[in-house]
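Residue numbers begin at 1 in each chain, while the letters A, B, ... track the order of the sequences.
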Amino acid sequence: MGTTTYTGLSGEVVPCPPRAGTLYDVMELILDRGMVIDVFIRVSLVGIEILKIDARIVVASVDTYLRFAEACNRLDLERDSGSVTVPELFSGQAAKSIGKSKVKDAARSVGESVRSAVGAGGDSDEESEEESQPQRRRRSAARTGAASRRRRKEED
Amino acid sequence: MTVTDEGIYVYGIVRAGHPLPPALGGVGDPPGTVGRVEEGRLAAVISQAPPRLRARRRDLLAHQELLLALAEDGPVLPMRFGMVAPDESVIRRQLSEAEDRQLAALEGVAGRVEINVKALPADEALPALVKGDATIRGLREAARRRPSYEANVRLGEAVATALARRASEAGRDIVRELSSSAHAVCAGPQVTGCQVNVSFLVDRGDGAGFVAEAERLARQRQDHVVLRVAGPLPCYSFLEPLPSATPLGA
């Protein structure tokens, strides 16, 4: 059976629940690669968008630019800031008004595109079937992982 | 197998006699019963297509896991998700018409797996980037001296561009290094936010070592790139007979 590992931000190797991890990281292969036979019919994939695979991705938008500028301006280059992470940078006072809500919005919109990519949110029976799946919790945990790390850092 | 209006869902193509994994259902709710349509030296692995089939999470997983389980017992040509044949006779005709080519393609993936590598920007390497990039340091000084919306957008855009460029360069370096230990390399579809998306065809027994090597190379470049490695996978990206295999019709 497939196993998936992630090399995390700081280079640590994080074993992931293989099923959930593999699905998100390889959905574009399942949907866009693989054999096609002309005389077969393909089910409609209307509404499927290739998902953004992670909430940390850099999206070229003014919001993201401002987020980076904010983080950049708060860097203390005199100090050895090699160990300062972006979540720490975003956790300060100034970031509370802008940065955090932006990050949360980004995380939510990624979550939404994941949901539409996996076909949820359409009929109500899918909704209930999603609820009954343990993977759903894993997915939510993965989605909010960065945010909760940030929260933990603030509480420290 | 009874033919329904919905047609027959096809998971993949295997050699005739390839065993079916016990206790694995197909797409649909309840999961479809998995069967085989054999023709000549090939077989299609199938189940009845469920009504209103869509790319649901559960169905994508059923497709993927059945293919992975099948691959334990020999080569599989995975179908793209969602391929449905109108009836069994169409499958039989297809298997018999394309037999030589599909046998060659099966030969090409025998004993091999696909491993996918994606390179993403290392957002958290921002301090390293600012320290090392004179242009960005200059923009940052400008934005601090005379703070303005425009100055911040210019700074942020330069940062985003630089992070993407660093991920792209490091990702390509890693792909180059990994390529020597792969039988074949195939660029994957573009994925938003991914600077590099590449699949490798490697021997099944070398899969774990390949993943470990990818992770080692990523650690060396952790100020430049976040690498996501997935596999072993069904060989979605390597379905054409490889160049080293006998060419079509030869």
Side-chain angles (χ1 to χ4, degrees), chain A residues 1-2 4-7 9-11 13 19 21-23 25-37 39-45 48 50 52-54 56-60 62 64-69 71-73 75 77 81-82 84-86 89 118-120 126 129-130 133 135, chain B residues 7 10 29 53-57 60-61 63-64 68 77-86 90 94 116 118 120-124 126-127 130-131 140 143-144 152-153 155-157 159-160 163-164 188-189 191-194 211 215 218-219 222 226-233 236-237 239:
Chain A
M1 200 63 22
T4 296
T5 53
Y6 293 132
T7 302
L9 285 169
S10 47
V13 176
R19 289 153 51 111
T22 299
L23 186 60
D25 276 355
V26 302
M27 189 173 293
E28 89 283 0
L29 298 176
I30 305 176
L31 292 172
D32 277 5
R33 291 292 188 261
M35 188 184 291
V36 173
I37 292 174
V39 292
F40 291 4
I41 304 149
R42 179 117 200 256
V43 297
S44 166
L45 297 178
I48 297 283
I50 293 302
K52 300 164 178 177
I53 68 166
D54 193 282
R56 292 190 312 262
I57 57 174
V58 176
V59 179
V62 169
T64 318
Y65 297 161
L66 294 176
R67 199 159 64 84
F68 277 124
C72 217
N73 285 327
L75 274 180
L77 292 183
S81 53
V84 177
T85 64
V86 168
L89 290 166
V118 300
E126 279 173 25
E129 132 209 325
E130 284 273 313
Q133 288 194 348
Q135 286 93 329
Chain B
V10 185
D29 183 22
L53 176 63
R54 281 172 48 202
R56 297 177 180 86
R57 171 188 182 77
L60 288 165
L61 278 173
H63 182 92
Q64 165 107 326
L68 283 169
L77 303 180
M79 302 297 295
R80 191 171 295 188
F81 178 88
M83 298 303 294
V84 175
V90 173
Q94 205 286 326
N116 180 261
K118 290 181 170 66
L120 292 88
D123 296 9
E124 302 207 2
L126 185 63
V130 176
K131 276 185 176 174
R140 176 172 172 271
R144 285 183 146 191
N152 277 329
V153 169
L155 171 60
E157 184 177 16
V159 168
L163 287 174
V191 173
T192 312
C194 265
V211 170
E215 282 160 355
R219 271 194 301 278
Q222 57 184 301
V226 170
L227 206 69
R228 316 236 339 207
V229 185
L233 302 166
Y236 294 111
S237 308
L239 297 171

Say whether, by atom type as modelled, one donor and one acceptor occur between the side chain of B/R228 and the main chain of B/L120 under 3.5 angstrom. no
Which heavy-atom pair separates B/A122 from B/L163 by the least distance, and what is that distance? O-CD2, 3.6 Å
Using non-hydrogen atoms only, which part of B/E157 is less than 4.5 Å away from chain A: side chain, backbone, both, or neither? both
Between A/R42 and B/F81 (side chain of the first, backbone of the second, donor and acceptor by atom type, cut-off under 3.5 Å), is there such a pair? yes
Test side-chain contact (heavy atoms from CB on, under 4.5 Å) applied to B/M83 and A/V36, step by step: CA-CA 7 Å; B/M83 298 303 294; A/V36 173; 4.0 Å; yes
Among B/S237, B/A85, B/P189, which has the most heavy-atom pairs under 4.5 Å with chain A? B/P189
Pick one of side chain, backbone, both or neither for B/N152, based on which atoms fall under 4.5 Å of a heavy atom in chain A. both
